[in-house]
Every structure is written in C-alpha cells, then in structure tokens.
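What you see is a predicted model, and the numbers here were worked out from it, not measured in a lab.
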Amino acid sequence: MWTIGKLAKRFAVSRSTLLYYDRIGLLSPSLRSGSNYRLYAESDVRRMERIAMLKEAGLPLETIHALCDAPGTALEQELEAQLGRINREIAQRRAQQQLIVRLLKEKEVLAATRLMDKERWVALLEGAGMDDSAKCLWHGLFEQTAPEAHQDFLESLGIDAEEIALIRARSREWSALSGK
C-alpha cells in the first residue's frame, strides 16, 4: 500500500494534487487506514501512471478522466486527435518563426536560430558528399516511407506550397524509377 506522501513523491506531484484528483473522482485511494489516512493499492499506482502519461501528452484532466475507464479505441482516437492538434501548432509556430526571420532579414539572426532553411539544408547535404542523384534518392525514400513527415519537413524549410508539391511529385517518380 502507498500513502499519499509516497505516491506524491513517486509521481513528483504535490499532495494537494492527489487530494484534488480524489475530490474530482479521477484517482481515489482504494482504502483508508484506521486513522483515516488514504492508502493507494498497486491498481491505484497503475491508474496514476496512466494519468501522468496522459497529462504529459498534453491532455486536459477532464479528458483524462473520461479516458481512464474508456475502451482502448477511445484512447487511440483521442491521442490521434491530440497529435493532430500538436502538428497544427508546430506548423503554426514554424510559420511564425519563418515570418520573424524574414522580417528581420539578417543572416546573423538566421544563423542564431534553430530554423533550418532550404539553402542551409542543401549545403549540409552537399557538404556530406551527396550529389543530385543521392539527394533525389533521399527524397524518394523519405516520400515513400513517411509522406506526411516529408511534407512537414519541407514546410519546415520554408519552401512554398507549389515547390513542395513539385518536390514530392518528383520524389514519387524517383522512387518508382529506382525501384525502391
């Protein structure tokens, strides 16, 4: 059995957090001691592990509460929806980052950011010894194995939608021609 203090320490949460979880019915202790202390069983610890994992995934407590007792398909659907929300947020942040760099229009600013643009990426590939044929193969494999990630990657380089469509179409052609 776990006391509230031990459980709080195990999950790096405050005692008041666990009291709140109990109050809203998210995680209630299985037992009470003779002195009325909350005691958590291993099943409670497993539930808290699930709560902590879902909280870390960015889900709100209300959703976590609904998912804790829901079938696996509901969890999978909610996680897929959360992933979509995160991907949209990342794309929005990427666009903001690129806009700020364009507004500043300073090479020093670009060099000091984590932003990778098309020119920097091509220079890295060429610096690693990749010729045009190897770059085509790379794009073809990327498109074939992870098309959505390939799209996201190209967007992250600040390439416009028309050029991305062209690169992806060529990538599919290169992949088909190479037989990979």
Practice item. Determine, using the 4.5 Å side-chain heavy-atom cutoff (strictly less than), whether Ile159 and Val122 are members of one ILVMFWY cluster. Key: no
Review point. Mind checking whether Arg172 and Gln144 have side chains closer than 4.5 Å, heavy atoms only?
Key: no
Review point. Just by modelled atom types, is the Ser35 backbone N or O under 3.5 Å from a matching donor or acceptor in the Ser33 side chain?
Key: yes
Exercise for review: Could you tell me whether a side-chain N or O of Thr145 sits under 3.5 Å from a main-chain N or O of Leu141, the two making a donor and an acceptor?
Suggested key: yes
Point to revise | Salt bridge flag under 4.0 Å for residues Glu49 and Arg10 | key: yes
Check your understanding: Do the ring planes of Trp121 and Phe153 sit parallel (below 30°), tilted (30 to 60°) or perpendicular (above 60°)?
Key -> perpendicular
Point to revise | Transitive ILVMFWY side-chain link Trp2 to Met53, under 4.5 Å | key: yes
Check your understanding: Nearest heavy-atom pair of Ser171 and His150: which atoms, and what distance?
Key -> OG-CE1, 3.5 Å
Practice item. Kindly determine whether Glu143 and Arg170 satisfy salt bridge (charged side-chain N to carboxylate O under 4.0 Å, His left out), including the steps that lead there. Key: CA-CA 10 Å; Glu143 182 67 26; Arg170 287 183 183 161; over 6 Å; no
Check your understanding: Crowded around Glu56 CD? As in, over 12 foreign heavy atoms under 6.0 Å?
Key -> no
Revision key, fill the gap. Between the CG atom in Leu27 and the CE atom in Met48, the distance rounded to the nearest 0.5 Å is 6.5 Å
Review point. Okay, side chain of His139, backbone of Ile167: is any donor-acceptor separation there less than 3.5 Å?
Key: no
Point to revise | Distance flag, aromatic centroids of Trp174 and Phe142, threshold under 6.0 Å | key: no
Point to revise | Separation of Glu119 CD from Leu124 CG (nearest 0.5 Å) | key: 12.0 Å
Point to revise | Test item: Trp138 and Met130 side chains (from C-beta on) under 4.5 Å apart, heavy atoms | key: yes
Point to revise | Separation between CD1 of Ile4 and CG of Asp22, rounded to the nearest 0.5 Å | key: 7.5 Å
Exercise for review: Test Leu67 against every option in Leu79, Ile51, Leu75 by the side chain to side chain contact (heavy atoms under 4.5 Å, CB included) rule and name the one that passes.
Suggested key: Leu75
**Study point:** Arg38 with Asp44: basic N within carboxylate O range, under 4.0 Å
**Key:** no
Exercise for review: Return yes when atom CZ of Arg93 has more than 12 non-hydrogen atoms of other residues, nucleotides or ligands closer than 6.0 Å, and no otherwise.
Suggested key: no
Point to revise | Side chain proximity check, Asp152 to Ile90, heavy atoms < 4.5 angstrom | key: no
Check your understanding: Measuring from Leu54:CG to Cys68:SG, what's the distance to the nearest 0.5 Å?
Key -> 6.0 Å
Point to revise | ILVMFWY cluster, Leu19 and Leu31 together (side-chain gap under 4.5 Å) | key: no
Point to revise | Side-chain heavy atoms of Leu61 within contact of Tyr21, under 4.5 Å | key: yes
Review point. Which pair of non-hydrogen atoms, one from Ser30 and one from Ala41, has the smallest distance, and what is that distance?
Key: OG-CB, 3.7 Å
Point to revise | Intermediate values then yes/no, salt bridge (charged side-chain N to carboxylate O under 4.0 Å, His left out), Glu80 and Arg85 | key: CA-CA 9 Å; Glu80 286 174 358; Arg85 289 187 290 270; over 6 Å; no
Practice item. Indicate yes or no: at least one non-hydrogen side-chain atom of Tyr20 is less than 4.5 angstrom from one of Leu26. Key: no
Check your understanding: Considering only heavy atoms from C-beta outward, does the side chain of Leu18 approach that of Tyr40 to under 4.5 Å?
Key -> yes
Point to revise | Side chain proximity check, Pro29 to Leu39, heavy atoms < 4.5 angstrom | key: no
Review point. Do Ile24 and Leu59 belong to the same hydrophobic cluster, where Ile, Leu, Val, Met, Phe, Trp and Tyr are linked whenever their side-chain heavy atoms lie under 4.5 Å apart, directly or via other members?
Key: yes
Check your understanding: Is any side-chain heavy atom of Gln151 closer than 4.5 Å to a side-chain heavy atom of Glu155?
Key -> yes
Exercise for review: Given salt bridge (charged side-chain N to carboxylate O under 4.0 Å, His left out), test Lys135 with Asp132 step by step and report yes or no.
Suggested key: CA-CA 5 Å; Lys135 287 186 269 186; Asp132 286 344; 3.4 Å; yes
Check your understanding: Can you name the closest pair of heavy atoms from Ser28 and Gly25 and give their distance?
Key -> OG-CA, 4.3 Å
